[in-house]
Structure formats: C-alpha cells, structure tokens
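What's counted below: heavy atoms across the whole structure, side chains too, no hydrogens, waters or symmetry copies. Along the sequence shown, the residues carry numbers beginning at 1.
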Amino acid sequence: MSLQERVDPHLLKGALAILKTLHDQGHEAYFAGGAVRDLLLEKSISEIDIATSASPQEIEQLFPKTIPVGKQFGVIVVVQDTNNYEVTTFRKEADYVDGRHPTRVSFTDARHDVERRDFTVNALFLNPFTEEVIDYLNGREDLERKLIRTVGPPQSRFQEDKLRLLRALRFACQLDFEIERQTYQQVKEHASQLTEVSWERIRDEVLKILTGPDPSRGLKLMSDSGILEVILPEIAAMRGVQQPPQFHPEGDVFVHTCLMFELSQERSETLALEILLHDVGKPPTFTVKERIRFDGHADLGAKMAEEICRRLRISNQQIEEVVDVVKDHLRFIH
C-alpha cells in the first residue's frame with residue numbers, strides 16, 4: 001500500500017497532521033471507512049475520514065478551526081488549510097426512530113465502533129504511520145472475495161438505516177462486487193421501506209449509481225430487488241414494453257435504456273437523468289397499429305420527467321435542461 005501514490009499530497013499532509021496531534025495527546029486515531037477500503041483496493045481516494053477515542057470537546061480544543069456539523073453524534077469537521085476532515089469519536093448508536101438516524105449515541109472504543117457501521121468492507125481502520133490495518137470483522141476477507149456484506153445481521157442494519165438498502169447496490173456497482181446472499185435477500189424484503197428516507201438522500205445514491213462505472217447493472221439491481229418499483233415506478237414500467245424490432249432489435253424499453261448507459265462514457269448528473277428519462281413516456285403511449293408505436297411519447301415523457309425530477313429534489317436548472325432534452329430527443333434521429 002502506497003499512500004503517496006494514491007492520495008493527493010496536500011490532502012494526505014493535513015490528515016497525517018491531525019492524526020499526529022491526536023496521537024501526541026494520547027488518543028487513538030485512525031483513517032476510517034471508505035478511504036481504507038479504497039487504499040486496500042489500490043484505488044485513488046479524494047477524502048479521508050478519521051475515527052478517534054478523543055471526545056468532540058477534546059477535538060475542538062486541540063484544533064484551531066473546527067465545525068461542529070454533528071457534535072451530538074460525535075462528528076467534528078477539522079479544517080486544515082483548505083481541506084475538511086470529518087473526525088468522529090468512537091461511538092455506539094441506538095434507538096433509530098426515523099429509519100435513518102439514531103436518537104441515542106454513546107462514546108466507546110474502536111472495537112465497538114465498527115459494529116455500528118454498514119458493511120464489513122467499510123468497517124476498517126488504518127494507522128498510516130505503521131500501515132497496520134485494524135480489521136475486527138473480516139472486512140479484508142470480503143474485499144478479497146469481492147463481497148458486500150452487512151456488519152452483523154442484515155435485517156438489523158437495514159432496520160436501523162433504510163438508506164443502506166440502496167447503498168448496498170451502489171457499492172456493488174461502484175466496486176464491481178457481488179452482494180452476499182442473505183444481505184441481498186434482506187434488501188428485497190425491506191425494499192418497500194426505502195421511502196422512509198428523505199428524497200434528497202435517495203437522490204444522492206441514485207445519482208451516484210447513474211454516474212458511476214456501471215449504471216446499467218445498477219438499474220438491473222434496483223429492478224430485481226424491487227427498489228426501482230418503489231422509488232421510480234415509471235422506470236420499472238419500461239420492463240417488458242416491446243419496441244418495433246426493425247428500429248430496436250436490442251429489446252424492450254428497459255433494455256434499451258440500460259444499453260444507452262452502457263454506450264455512454266463519463267456522465268454528468270444531468271446527462272445521466274436525460275438518458276434515464278428520455279423514453280419514460282413510452283410505456284403509457286404504447287399502441288399497436290401497422291407496427292408498435294409510441295405516438296406523443298416525447299411530449300408526455302417531458303411532463304413525466306419533470307414530475308420525477310421534482311420528486312428527487314433535482315435543482316430547477318437541471319430540471320429545465322432534462323425536460324428540454326426529453327422533449328426534443330427525437331431530433332437526434334435527424
């Protein structure tokens with residue numbers, strides 16, 4: 001593992017300075033979560049989170065510039081030069097009442113801290129000075145097996161935080177991993193509960209899937225798991241809607257949309273939404289005359305696209321751009 005090769009020097013310098021300050025004051029402190037996972041996978045990282053035995057008050061006293069973004073949950077942002085670092089006190093969580101956030105937090109040690117985390121591959125700590133990886137839950141083994149598995153019983157983890165249902169799919173696509181069988185079964189069983197989470201959070205995960213390395217697989221996983229029917233039923237309705245084979249030999253509208261993602265390269269959020277929604281008007285306009293037809297699907301699709309984007313809390317500017325492209329997408333033929 002070479003930190004210098006995979007981390008921006010400025011980002012790494014600030015993180016190491018924070019850890020050294022915490023260590024010098026007798027506190028445990030490690031790189032945590034996704035940064036450790038990606039370093040072990042030899043991926044570049046763009047942010048570093050830190051977990052520590054220091055309390056929020058001690059963190060604030062040790063560093064001149066801090067932001068108490070979630071002090072009641074043990075989260076303090078430490079500002080080093082122009083970089084922000086989330087520094088979180090080892091904690092246990094309890095009494096999840098809104099499907100997302102705990103109402104009770106108590107501070108603990110590193111071993112118990114990892115037990116509150118979502119997936120084993122995200123439950124890793126790293127001491128960058130010694131390059132020692134602290135792995136209480138066989139996260140490294142799951143990295144080697146390319147497996148997304150919940151920390152502990154999947155039913156409990158998903159009951160605590162319903163957004164994890166979608167995050168399991170996102171990590172599978174982002175990392176090109178499989179989802180462990182019992183974990184995926186519980187995703188299916190709890191899919192209907194995802195809307196207990198705010199649409200802003202759902203939007204963020206969906207956009208990460210659609211702009212990530214394998215959005216086609218993400219759509220298929222969302223469909224197979226039942227999540228698509230819950231959050232984007234208009235997209236789920238594309239499945240099985242046949243198209244005229246002389247123009248679309250690839251298959252139904254859903255297959256066509258997945259193929260569009262496979263053929264696209266780097267996608268902005270706006271372009272990803274345009275690809276997702278460009279044929280959303282086809283299922284309700286399906287008719288068979290001299291051939292299969294979707295008369296008026298672009299105009300209807302533009303109206304549906306606006307409704308979907310507003311549901312997902314997309315910005316007004318993005319909505320305008322998406323609606324315009326959906327309405328006029330047939331012009332590309334000419």
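No donor-acceptor contact under 3.5 angstrom links the side chains of Q159 and S156, judged on distance only. Between the side chains of N122 and R37, at least one donor N or O sits under 3.5 Å from an acceptor N or O. If you check the side chains of T120 and D142, you find a donor sitting under 3.5 Å from an acceptor. Side-chain polar atoms of R239 and S223 form a donor-acceptor pair below 3.5 angstrom.
Listed by first then second residue, pairs satisfying ring-ring contact (aromatic ring centres under 6.0 Å, His included) with a partner in residues 191-225 number zero, not counting sequence neighbours. Applying the salt bridge (charged side-chain N to carboxylate O under 4.0 Å, His left out) test to every pair with at least one member in residues 184-194, sequence neighbours left out, gives these pairs: K188-D224. Applying the side chain to side chain donor-acceptor pair (under 3.5 Å) rule to pairs touching residues 252-263 yields S216-E262, E250-H256, H256-H278, H256-D279, sequence neighbours excluded.
Listed by chain and number, the residues in a salt bridge (charged side-chain N to carboxylate O under 4.0 Å, His left out) with D49 amount to none (sequence neighbours excluded). Annotation: salt bridge (charged side-chain N to carboxylate O under 4.0 Å, His left out) contacts of R157 (sequence neighbours excluded): E160. For V323, the side-chain contact (heavy atoms from CB on, under 4.5 Å) test picks out A302, E306, I319, with sequence neighbours left out. Evaluation of the side-chain contact (heavy atoms from CB on, under 4.5 Å) rule for E47 yields no partner, not counting sequence neighbours. Contacts of T52 classified as side-chain contact (heavy atoms from CB on, under 4.5 Å), with partners at least two apart in sequence or in another chain: L22, H27, A29, A54, I59, V87. Shown here are the side-chain contact (heavy atoms from CB on, under 4.5 Å) partners of E200, two or more places apart in sequence or in another chain: S198, R203, R313.
Taking the side chain as every heavy atom from C-beta outward, L19 and Y85 never approach each other to under 4.5 Å. Contact of the V255 side chain with the H248 side chain is not registered, since no non-hydrogen atoms from C-beta on lie closer than 4.5 Å. Side-chain contact between I148 and E178: absent, with no pair of heavy atoms (C-beta onward) separated by less than 4.5 Å. In this structure, the side chains of R91 and R116 come closer than 4.5 Å at one or more pairs of heavy atoms. Between V325 and L277 there is no side-chain heavy-atom pair separated by less than 4.5 Å. Using a 4.5 Å heavy-atom cutoff, the side chains of D176 and P213 are not in contact. Side-chain contact between L143 and L41: present, with at least one pair of heavy atoms (C-beta onward) separated by less than 4.5 Å. L39 is listed as a side-chain neighbour of R6, based on a closest heavy-atom distance under 4.5 Å.
Across A17 and Q80, no two heavy atoms sit closer than the pair CB-NE2, 3.6 Å. When every heavy atom of L219 is checked against every heavy atom of L276, the shortest pair comes out as CD2-CD1, 3.8 Å. Closest non-hydrogen pair, F177 versus L147, comes out as CD2-N, 3.4 Å. F286 and V241 make their closest contact through CD1-CG1, 4.0 Å (heavy atoms, listed as atom of the first residue, atom of the second, distance). Taking all atoms of both residues into account, the shortest heavy-atom contact from T89 to P56 is OG1-CD, 3.3 Å. Closest approach of P153 to T150, counting heavy atoms only: C-OG1, 3.8 Å.
A salt bridge does not link K13 to D8: none of the charged nitrogens lies less than 4.0 Å from a carboxylate oxygen.
Side-chain heavy-atom separations under 4.5 angstrom define the hydrophobic clusters, and the remaining members of the one that includes L137 are Y30, F90, V114, F125, I134, Y136, V151. Applying the 4.5 Å side-chain rule to ILVMFWY residues, one finds L263 in the same cluster as L259.
With a 6.0 Å radius and a threshold of 12 heavy atoms from other residues, nucleotides or ligands, R311 has its CZ atom above the threshold. For E266, the CD atom counts as loosely surrounded, since its 6.0 Å shell holds 12 or fewer non-hydrogen atoms of other residues, nucleotides or ligands.
Here D118 contributes atom CG and L165 contributes atom CG; the two are 11.5 Å apart, rounded to the nearest 0.5 Å. L166 CG to I227 CD1: the interatomic distance, rounded to the nearest 0.5 Å, is 5.5 Å. Considering CG of L194 and CG of L228, their distance stands at 11.0 Å, rounded to 0.5 Å.
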Can I get a per-line list of side-chain donor-acceptor pairs under 3.5 Å for residues 60-77, giving both atom names and the distance, sequence neighbours left out?
from: E60; atom 1: OE1; to: K71; atom 2: NZ; distance (Å): 2.8

